[in-house]
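Any value given below was found using the heavy atoms of this structure, including those in side chains, with hydrogens, waters and symmetry copies removed. When a ligand or atom number is given, it counts from 1 through the structure's own listing order.
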Amino acid sequence: MSDTIPCIDPSTGEAFDSIPRGTAADIGAAVDAARAAFDGEWGKRTAAERGRLMHRLSTLILEHADALAVLESRDVGKPLAQARADVTACARYFEFYGGAADKVHGDTIPYLDGYTVMTLREPHGVTGHIIPWNYPMQIIGRSVGAALAMGNACVIKPGEDASLTTMYLGRLAAEAGFPDGTFAIVTGYGEEAGAALAAHPGINHISFTGSQEVGVLVQQAAARNIVPVTLELGGKSPQVVFADADLDDALPFLVRAAIQNAGQTCSAGSRVLIERPIYETVAARIAERFATLTAGPALEDHDLGPLINAAQRERVAGMVDVARSNGFHVLAAGRIVPSAPTGGFYVPPVLFGGVDPDAPLAQQEVFGPALALIPFDGEEEAVRIANGTPFGLVAGVWTRDGGRALRMARRLQAGQVFINNYGAGGGVELPFGGVKKSGFNREKGFEALYGFSTVKTIAIRHG
Ligand code: NAD
């Protein structure tokens with residue numbers, strides 16, 4: 001058994017580095033170190049001091065932005081501009097949560113005569129963070145950032161396919177002055193290091209972002225230790241375009257939400273529901289754009305990079321084949337540029353028209369650049385189709401009718417609804433998470449700070 005895992009460049013299919021293959025013993029040591037930090041130096045820091053350290057880390061991340069972006073682009077295969085955006089977002093999370101650290105506080109509660117009652121917001125203790133490969137820096141920023149702000153000590157298990165920027169962030173955290181054990185990282189396989197972290201009795205809260213199947217395992221492991229979990233799982237997010245929408249405004253969002261990070265985004269807008277009177281027009285305009293899209297080496301910064309690995313490429317290609325055999329029309333496909341090495345994990349983006357809302361392509365997360373267009377008639381049917389999947393992460397509504405926009409926002413089953421936009425520029429400040437099989441509890445914004453803390457009530461009887 002090798003004690004390292006190769007880092008494969010998805011753009012070439014070749015190994016360019018390696019990471020340690022962490023074991024349950026390594027997880028145990030990291031949890032012990034985190035506990036020692038929490039019980040010791042870290043636990044004594046004031047909220048303002050924690051905030052200052054986080055601001056220092058944010059500044060360091062920006063100072064190292066070029067190196068981090070190139071490393072992420074290489075390790076994950078994401079186009080360089082998208083990797084740069086991830087660095088900026090990561091720095092912004094530490095800035096936001098650094099600023100928030102000393103602004104979360106408890107309450108005093110009116111109670112019986114002769115009593116004063118107050119609540120304290122306290123950290124859980126040691127928090128575990130299991131991170132996927134698709135947005136490592138952003139997800140560490142939002143989850144570890146919020147946990148540290150509340151005073152927890154964090155043990156982080158990045159995805160085995162994309163750990164290098166996490167390790168880099170760990171070095172920057174040490175340079176910023178975070179005490180040993182507060183930003184503890186263990187790389188390794190999910191079923192080894194990840195499972196050991198989820199099951200460790202010394203963990204007081206688990207935050208998991210990844211697939212539904214593994215989310216179930218993590219929740220089961222947490223249940224045995226009776227610790228809270230945050231599950232951020234997949235999605236099949238709809239964008240609903242009504243006939244009165246401003247199409248010039250909507251089109252760039254519709255395309256970008258489907259192909260960003262080659263479709264490997266939990267909140268990808270992977271279904272576009274189009275009101276029938278404008279269906280042909282919108283389909284033609286999206287197809288026009290899809291036909292120009294290129295996939296190529298990440299550092300060359302095309303519209304799309306490769307997918308993360310060979311298994312993911314096979315999975316996506318298989319789902320595209322099923323959609324073709326279901327008889328759905330390929331309205332357009334992009335192309336792979338000639339400079340793309342043959343060993344890379346490229347798939348061309350593909351646009352399917354007239355997709356049956358109950359077909360696998362419209363029900364299952366592809367996690368690749370395949371967009372399904374679905375016609376609908378009227379608000380009622382739009383709601384039925386949009387809500388008709390097991391997921392509920394994000395939804396978009398495009399209309400000029402304010403009343404309809406609000407009706408839709410209230411009726412759509414999703415953790416976030418965007419009206420006449422999608423993604424809102426990343427939205428560090430905006431609570432994010434799912435309903436139904438997309439998970440529960442919230443990250444981002446102030447909401448995450450409540451999730452990474454617990455409330456203690458102190459009732460004082462003084463007469
Ligand atoms: P994954 O579930 O395979 O892996 C996620 C993490 O879990 C990795 O670190 C992996 O090593 C670890 N893991 C795997 N098996 C484990 C086990 N048995 N016990 C504990 N940990 C284990 O997911 P992925 O393929 O890396 O990521 C893609 C999925 O993540 C998609 O479904 C996507 O929608 C979802 N995702 C959701 C969000 C969100 O915020 N809702 C964000 C990004 C990705």
Could you tell me whether [X] and [Y] make a salt bridge, using a distance below 4.0 angstrom between a side-chain N and a carboxylate O?
X	Y	value
Glu429	Arg92	yes
Arg74	Asp17	no
Asp303	Arg289	yes

Query raised in the report: Looking at side-chain heavy atoms only, is the closest gap between Gln212 and Phe391 below 4.5 Å?
Result: yes

Query - Sub-4.5 Å side-chain heavy-atom contact between Trp42 and Leu148 - result: yes

Query - Contact (N/O only, under 3.5 Å) between Leu217 and ligand 1 - result: no

Requested in this report: Kindly confirm or rule out an N or O of Glu365 lying under 3.5 angstrom from an N or O of ligand 1.
Outcome: yes

Heavy-atom gap [X] to ligand 1 smaller than 4.0 Å:
X	result
Gly159	yes
Arg142	yes
Tyr135	no

Atom indices of ligand 1, in the order listed, that fall short of 4.0 Å to a heavy atom of [X]:
X	answer
Ile131	6 (C), 8 (C), 9 (O)
Pro158	9 (O)
Gly194	19 (N), 20 (C), 21 (N)
Glu160	10 (C), 11 (O)
Lys157	9 (O), 10 (C), 11 (O)
Leu233	34 (O), 37 (C), 38 (C), 39 (C), 41 (N)
Asn134	43 (C), 44 (C)
Ile139	42 (C), 43 (C)

**Report entry** Step-by-step side-chain contact (heavy atoms from CB on, under 4.5 Å) determination, Trp133 to Gln264
**Finding:** CA-CA 9 Å; Trp133 46 261; Gln264 303 168 115; 3.2 Å; yes

Query raised in the report: Should the pair Arg142 and Phe432 be classed as cation-pi, given the thresholds of under 6.0 Å to the six-membered ring centre and 45° from the axis?
Result: no

Query raised in the report: Would Lys444 count as a cation-pi partner of Phe96, with NZ or CZ less than 6.0 Å from the six-membered ring centre and within 45° of the ring normal?
Result: no

Quick one: nearest non-hydrogen protein atom to [atom], plus distance?
atom	value
atom 25 (O) of ligand 1	Trp133 NE1, 3.0 Å
atom 12 (C) of ligand 1	Ile130 CG2, 3.6 Å
atom 28 (C) of ligand 1	Phe367 CE2, 3.4 Å

Query raised in the report: For Cys154 and Phe183, what are the C-alpha separation, side-chain angles and deciding distance, and is it a side-chain contact (heavy atoms from CB on, under 4.5 Å)?
Result: CA-CA 5 Å; Cys154 302; Phe183 205 107; 6.0 Å; no

Can you figure out which of [options] has its heavy atom closest to [atom]?
atom	options	result
atom 29 (C) of ligand 1	Gly234, Gly210, Ala199	Gly210
atom 36 (N) of ligand 1	Cys266, Ala221, Ala311	Cys266
atom 27 (O) of ligand 1	Gly128, Pro132, Ser163, Gly190	Pro132
atom 1 (P) of ligand 1	Ser267, Ala162, Ser211	Ser211

Query raised in the report: At under 4.0 Å between heavy atoms, which part of Val214 makes contact with ligand 1: side chain, backbone, both or neither?
Result: side chain

Query raised in the report: Of the backbone atoms (N, CA, C, O) and the side-chain heavy atoms from C-beta on, which set of Ala198 has a member under 4.0 Å from an atom of ligand 1: side chain, backbone, both, or neither?
Result: neither

Would you please say whether a donor-acceptor pair under 3.5 Å links the side chains of [X] and [Y]?
X	Y	result
His205	Ser207	no
Asn309	Arg315	no
Thr230	Glu443	no

Query raised in the report: Does atom CG of Asp180 have more than 12 heavy-atom neighbours, drawn from other residues, nucleotides or ligands, at distances under 6.0 Å?
Result: no

Query raised in the report: So, for atom 4 (O) of ligand 1, does the protein have a heavy atom nearer than 4.0 Å?
Result: no

Requested in this report: Determine the interplanar angle of the Tyr168 and His64 rings, folded into 0 to 90°, and report it as parallel if under 30°, tilted if 30 to 60°, perpendicular if over 60°.
Outcome: perpendicular

